[in-house]
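Data block below; observations after.
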Amino acid sequence: MYGIGVLVIDEIQHLIHSKNDQEEMLNFFVTLSNTVGIPTVLIGTSKAQQLFKGNFRQARRAASDGSIIWDRMAEDSEEWEFFLETLWELQCLRVHSELTVEVKKVFYEECQGITSVAVNLFILAQERALFDETNEDEKITPRVLKKTAKEDMKIIQPMLNAIRKNDLRAMYKYEDIMINLDELMRNHKQNTEYEGRVKAAMKERQNTVAYKQKEIIEGLSMEVAAIGIFDSLSSSEIIKVAKKIVEGAPINTDENVLKSRLISFLIELNQREKDKKEKYVKTDIVLPLLDLRNQALIQKKHPYELLLKQGYIKQSIIELNN
């Protein structure tokens with residue numbers, strides 16, 4: 001009726017403290033999107049990730065249409081350079097301030113590449129330049145930026161200091177600061193200990209990965225076994241091979257790629273097992289005389305010797321005397 005093209009649901013991290021069932025609400029969002037026929041976008045702080053980490057089905061649903069983690073910009077990235085140059089053109093001071101290397105460095109130091117902090121710092125620095133009697137030129141200088149951050153943005157300095165120092169324990173106190181748990185796991189060393197909720201979050205992430213791998217292994221095993229071409233392999237053997245392939249691949253590997261690897265490996269394994277069984281059967285049904293002949297050839301003896309030794313050939317004179 002109203003021509004709505006997309007439904008955006010913001011602040012979904014509040015579901016964590018909701019009295020209602022979280023999964024029920026997430027299911028409602030999916031049903032709503034399917035019913036009204038428009039895409040639904042869920043937006044929240046980094047804390048919202050906790051909604052999807054405990055259940056693979058929820059995580060899969062959240063990523064079904066793609067998910068974006070909007071992290072802060074890196075100082076040496078083209079994204080930050082483009083953002084800062086574009087922002088700098090919007091200043092409204094009497095004298096246009098040049099974007100020097102020193103200004104860039106100080107500006108990033110005081111905002112750490114966080115978009116909202118950068119915009120606020122840019123606005124507040126201009127206000128300070130306008131009303132600061134000591135700044136006659138009304139210019140954005142490194143001194144103005146530092147003073148603005150220190151005095152006008154004092155309330156967020158503890159968070160920014162935690163980011164500057166990469167203090168993980170301090171960063172985890174603030175739910176809106178993004179911590180890349182996957183990267184922490186890759187760089188984690190045995191002699192490094194993460195305390196409190198950081199340890200718990202890493203353990204939770206590991207459990208989620210293990211659960212996801214288990215789901216993939218079970219799904220692939222059942223799907224491949226249903227093809228019906230691996231008659232020489234048991235279900236446990238198929239699961240064992242699937243487990244080896246899934247656990248040996250990156251967690252974000254496409255399932256079709258895993259399935260292709262699994263089928264290729266099982267085809268070879270199935271053929272080897274089939275060859276073994278055929279060889280065993282052939283050995284059982286070989287005629288005893290032919291078997292002795294083959295043994296004689298291997299031992300480089302005349303077949304007569306083995307046939308005589310095994311009692312297949314009788315010496316006629318001895319037999320007649322008996």
Side-chain angles (χ1 to χ4, degrees), residues 8 10-13 41-49 66-187 194 197-198 201:
V8 180
D10 200 2
E11 306 292 353
I12 64 166
Q13 72 275 4
V41 180
L42 306 181
I43 301 178
T45 65
S46 60
K47 189 177 181 181
Q49 292 181 94
S67 59
I68 298 174
I69 297 179
W70 196 346
D71 203 353
R72 62 195 182 101
M73 292 175 275
E75 185 176 7
D76 57 351
S77 67
E78 293 182 3
E79 179 186 21
W80 170 251
E81 188 72 21
F82 176 76
F83 170 81
L84 190 55
E85 290 177 356
T86 304
L87 184 67
W88 219 250
E89 295 297 325
L90 303 177
Q91 57 183 293
C92 57
L93 298 174
R94 182 173 58 186
V95 179
H96 184 84
S97 305
E98 296 296 328
L99 189 58
T100 63
V101 175
E102 184 182 4
V103 170
K104 288 182 181 180
K105 184 176 181 180
V106 173
F107 195 89
Y108 188 88
E109 180 68 18
E110 299 300 338
C111 74
Q112 290 298 301
I114 302 173
T115 308
S116 60
V117 178
V119 172
N120 289 335
L121 177 60
F122 181 67
I123 295 172
L124 294 173
Q126 290 183 86
E127 290 182 0
R128 180 168 291 276
L130 282 170
F131 299 106
D132 190 351
E133 296 179 355
T134 60
N135 191 355
E136 298 179 357
D137 295 333
E138 293 185 7
K139 294 179 64 176
I140 301 177
T141 63
R143 184 185 67 81
V144 171
L145 290 172
K146 291 179 180 180
K147 192 172 182 180
T148 301
K150 183 179 180 180
E151 298 182 9
D152 300 336
M153 306 174 72
K154 186 176 181 179
I155 194 172
I156 63 171
Q157 288 308 310
M159 297 80 164
L160 292 176
N161 284 331
I163 295 174
R164 290 189 192 102
K165 298 176 183 178
N166 198 29
D167 188 340
L168 300 178
R169 284 183 292 181
M171 289 167 68
Y172 217 95
K173 294 178 183 177
Y174 313 108
E175 63 183 43
D176 292 343
I177 296 180
M178 175 64 62
I179 296 181
N180 190 332
L181 296 177
D182 292 330
E183 186 174 351
L184 287 181
M185 289 171 62
R186 286 195 298 269
N187 299 330
Y194 296 99
R197 288 183 294 172
V198 174

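Note that this is a predicted model, so its numbers are computed, not measured. For the numbers below, each heavy atom of this structure counts, side chains included, while hydrogens, waters and symmetry mates do not.
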According to the ring pair (Phe, Tyr, Trp, His ring centres under 6.0 Å) rule, which pairs have a member within residues 140-165, sequence neighbours left out? none

Please check this pair: side chain of Q157 against backbone of K154, looking for a donor-acceptor N/O pair closer than 3.5 Å. no

Which residues satisfy the side chain to side chain contact (heavy atoms under 4.5 Å, CB included) test with V95, sequence neighbours excluded? K139

Looking at L90, I want to see if its CG is surrounded by more than 12 non-hydrogen atoms of other residues, nucleotides or ligands under 6.0 Å. yes

V144 backbone acceptor or donor facing R128 side chain under 3.5 Å: no

With a 4.5 Å heavy-atom cut-off, do M153 and V117 have their side chains touching? yes

First locate atom SG of C111, then atom CD of E75, and finally report the distance between them rounded to the nearest 0.5 Å. 9.0 Å

Side chain to side chain contact (heavy atoms under 4.5 Å, CB included) against K146, all qualifying residues, sequence neighbours excluded: V106, E110

CG (L42) and CD (E11) are apart, to the nearest 0.5 Å, by 12.5 Å

Checking R164 side chain against Q112 main chain: does a donor-acceptor pair fall under 3.5 Å? no

Would you please name every residue forming a side chain to side chain donor-acceptor pair (under 3.5 Å) with Q126, sequence neighbours left out? none

Between CG on residue L99 and CZ on residue F107, distance to nearest 0.5 Å: 9.0 Å

Do any pairs count as a salt bridge (Lys or Arg N to Asp or Glu O under 4.0 Å) and have a residue in residues 77-90, sequence neighbours left out, and if so which ones? E81-K104

Heavy atoms, side chains only, cut-off 4.5 Å: are I114 and L160 in contact? yes

Quick one: list whatever passes side chain to side chain contact (heavy atoms under 4.5 Å, CB included) with F83, sequence neighbours left out. M73, W80, L87, T115, A118, V119

I140 to S97 - nearest heavy-atom pair and separation: N-OG, 2.7 Å

Heavy atoms of L145 and A125 approach each other most closely as CD2-CB, 3.8 Å

